[in-house]
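The next block holds one structure in the form of structure tokens; read it before the comments.
We name chains A, B, ... by the order of the sequence lines, and we start the count at 1 in each one. All values reported here derive from a predicted model rather than from experimental measurement. Every heavy atom of this structure was used, including side-chain atoms; hydrogens, water molecules and symmetry mates were not.
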There are 2 protein chains.
Amino acid sequence: MAEGQSQNTSSGQALLYLTDEQLRQGIEAMFFAYRGFTADPDRILEGLSYGRAHHRAIHFIHCAPGTTVNNLLAILGVTKQSLNRVLRTLIEDGLVTSHVGRSDKRERHLTLTEAGEALEQQLSDAQRARMRDAYRKAGPEAVAGFKTVLEAMMDDDMKRAYLALREGR
Amino acid sequence: MAEGQSQNTSSGQALLYLTDEQLRQGIEAMFFAYRGFTADPDRILEGLSYGRAHHRAIHFIHCAPGTTVNNLLAILGVTKQSLNRVLRTLIEDGLVTSHVGRSDKRERHLTLTEAGEALEQQLSDAQRARMRDAYRKAGPEAVAGFKTVLEAMMDDDMKRAYLALREGR
DNA sequence: GAAAATACGTCAGTCTTGTTGACATTCCAA
DNA sequence: TTGGAATGTCAACAAGACTGACGTATTTTC
């Protein structure tokens, strides 16, 4: 309570960008932008009997081929049962293959098939096209700021996962 | 297909921030950041038998008191059946009131009760606290860039709704 | 004044995606 | 070798989105 007022009184003009009104605008911008962010892949998936969960699985399997179910679980932040349902349909439909681990036979290593890679391309082309337009309109400095703020918004665990993905490439 | 390569070859160094790899990083940053963005309110709502849908309704009723059901529908981008389920529970629980319109008696005007405002405060305090931390860490220039990119990511309809909300305050 | 359009609510059914609980298999360490 | 921990699978359920159909009150249009 009343923490909203404090930035105005404590530090003068320099912190005007931290007013409640500015923060509220940022919150709403996140809400509306995220809708745009997912709109294109959602449109493609609709009618294929796949959803956003399938998209996420495909995206991260593409980025880290041979990853295990457990690994994917940590990145996606859902229960293994939830992920399993998605993976089962993807495997049944021949988009993902699951291989028993060589050293640890409990693990299943996940890879996209050719068909899986093709769908991944289609989905990420659409999503990247929107991002590219946004980036181009906004310019490089804005993009740098965009990433800085997003990273600061993540939970520490998420930031670790995010940075680990960047390292791995 | 192959649109990913084009920025590298066509325009040299100036457009390096538009590479597929940069775009992919941005996509993942959006994904992880949005999780952080919703984490705090989700935690508060959990156990109250409310979900993210209730949060969204409360947020926008707070911002536009007296708004109509139809209006809210357009902003939230869901069906009236879906919104109705949420509104019914909020009204039953005494967080929202619904008044028949004065000039047009078909309309219902929605307002938060005192209890509703209290919950809204609690939720948005948590969310703003995270945004404030992120903004403070990132600094004013980064925040400006952040908003620029988010606005560029929105669909045109969404951008109109977003800007209309800013005007109304 | 009658007919069409609008605003809202509701019932019924489906789909995606999250949850918990129970269980099989495999590995490892006491 | 045996019991616990880790990995993954199956089954059942709940939240929240969707469509479609229908009912009611009110406004607008002809």
Side-chain angles (χ1 to χ4, degrees), chain A residues 31 34-35 38-39 41-61 66-93 96-111 123, chain B residues 31 34-35 38-39 41-59 61 66-93 96-111:
Chain A
F31 171 72
Y34 198 78
R35 284 250 294 275
T38 57
D42 282 358
R43 238 188 313 274
I44 295 173
L45 263 350
E46 154 188 346
L48 271 142
S49 77
Y50 291 146
R52 214 172 281 179
H54 299 82
H55 181 195
R56 289 195 286 259
I58 288 173
H59 177 99
F60 287 109
I61 294 175
T67 188
T68 65
V69 174
N70 228 7
N71 210 319
L72 210 50
L73 241 41
I75 291 175
L76 295 176
V78 296
T79 59
K80 60 182 176 173
Q81 295 89 332
S82 196
L83 175 58
N84 190 254
R85 186 175 348 96
V86 169
L87 284 179
R88 191 166 45 209
T89 69
L90 290 176
I91 291 171
E92 278 171 8
D93 295 352
V96 169
T97 54
S98 163
H99 289 299
V100 173
R102 276 166 45 94
S103 60
D104 188 335
K105 289 177 186 164
R106 292 172 303 181
E107 295 178 338
R108 300 297 134 91
H109 296 277
L110 305 167
T111 323
L123 292 170
Chain B
F31 171 70
Y34 197 78
R35 284 252 293 277
T38 56
D42 282 358
R43 239 188 312 274
I44 294 174
L45 262 350
E46 155 187 347
L48 272 144
S49 76
Y50 291 147
R52 213 174 283 178
H54 300 81
H55 180 196
R56 289 194 286 259
I58 289 174
H59 176 98
I61 294 175
T67 189
T68 65
V69 174
N70 235 1
N71 211 319
L72 208 50
L73 240 40
I75 292 175
L76 295 177
V78 296
T79 59
K80 64 175 178 177
Q81 294 91 329
S82 205
L83 176 58
N84 192 255
R85 186 179 347 101
V86 169
L87 282 180
R88 192 165 43 207
T89 69
L90 290 176
I91 291 170
E92 277 170 8
D93 295 354
V96 169
T97 54
S98 163
H99 289 299
V100 172
R102 276 169 46 94
S103 59
D104 189 334
K105 289 174 188 166
R106 292 171 304 179
E107 295 178 337
R108 300 298 134 89
H109 297 277
L110 303 168
T111 323

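- Taking atom CG of residue A:Asn84 and atom C1' of nucleotide D:dA11, one finds them 12 Å apart after rounding to whole Å.
- Distances shorter than 4.0 Å separate none of the side-chain N or O atoms of A:Thr79 from OP1 or OP2 on C:dG18.
- Distance check, rounded to the nearest 0.5 Å: CG of B:Asp42 to CZ of B:Arg52 gives 4.0 Å.
- Protein atom CG of B:Leu72 is 14 Å distant from nucleotide atom P of C:dA7, rounded to whole Å.
- Taking atom CG on A:Leu76 and atom P on D:dG8, their separation rounds to 13 Å, with Å as the unit.
- When heavy atoms are screened at a 4.0 angstrom cut-off, B:Arg85 is found touching base atoms of the nucleic acid.
- As a whole-Å value, the separation of B:Gln81 CD from C:dG13 P is 15 Å.
- When rounded to the nearest whole Å, the span between CG of A:Leu87 and P of C:dT16 equals 16 Å.
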For nucleotides 26-30 of chain C, give me every protein contact, N/O to N/O, under 3.5 Å, one pair per line with atom names.
{"unit_1": "C:dC27", "atom_1": "OP1", "unit_2": "A:Lys105", "atom_2": "N", "d": "2.8"}

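- Between the C1' atom of D:dA17 and the CG atom of A:Leu45 lies a distance of 15 Å, rounded to the nearest Å.
- No engagement by A:Gly77 is indicated, since no non-hydrogen atom pair under 4.0 Å with the nucleic acid exists.
- Between the P atom of D:dG16 and the CZ atom of A:Arg52 lies a distance of 15 Å, rounded to the nearest Å.
- If you take OH of B:Tyr50 and C1' of D:dA14, they are 17 Å apart, rounded to a whole angstrom.
- The listed nucleotides are C:dG9, C:dC8, D:dG16; the one nearest the side chain of B:His54 is D:dG16.
- Dashed line: the shortest gap from a side-chain N or O of B:Arg88 to OP1 or OP2 of D:dG16 is not under 4.0 Å.
- Under the 30°/60° scheme for interplanar angles, the aromatic rings of A:Tyr34 and B:Tyr34 are found to lie parallel.
- With distances taken from any side-chain atom of B:Val69 to the nucleotides C:dT17, C:dG9, D:dC18, the minimum falls on C:dG9.
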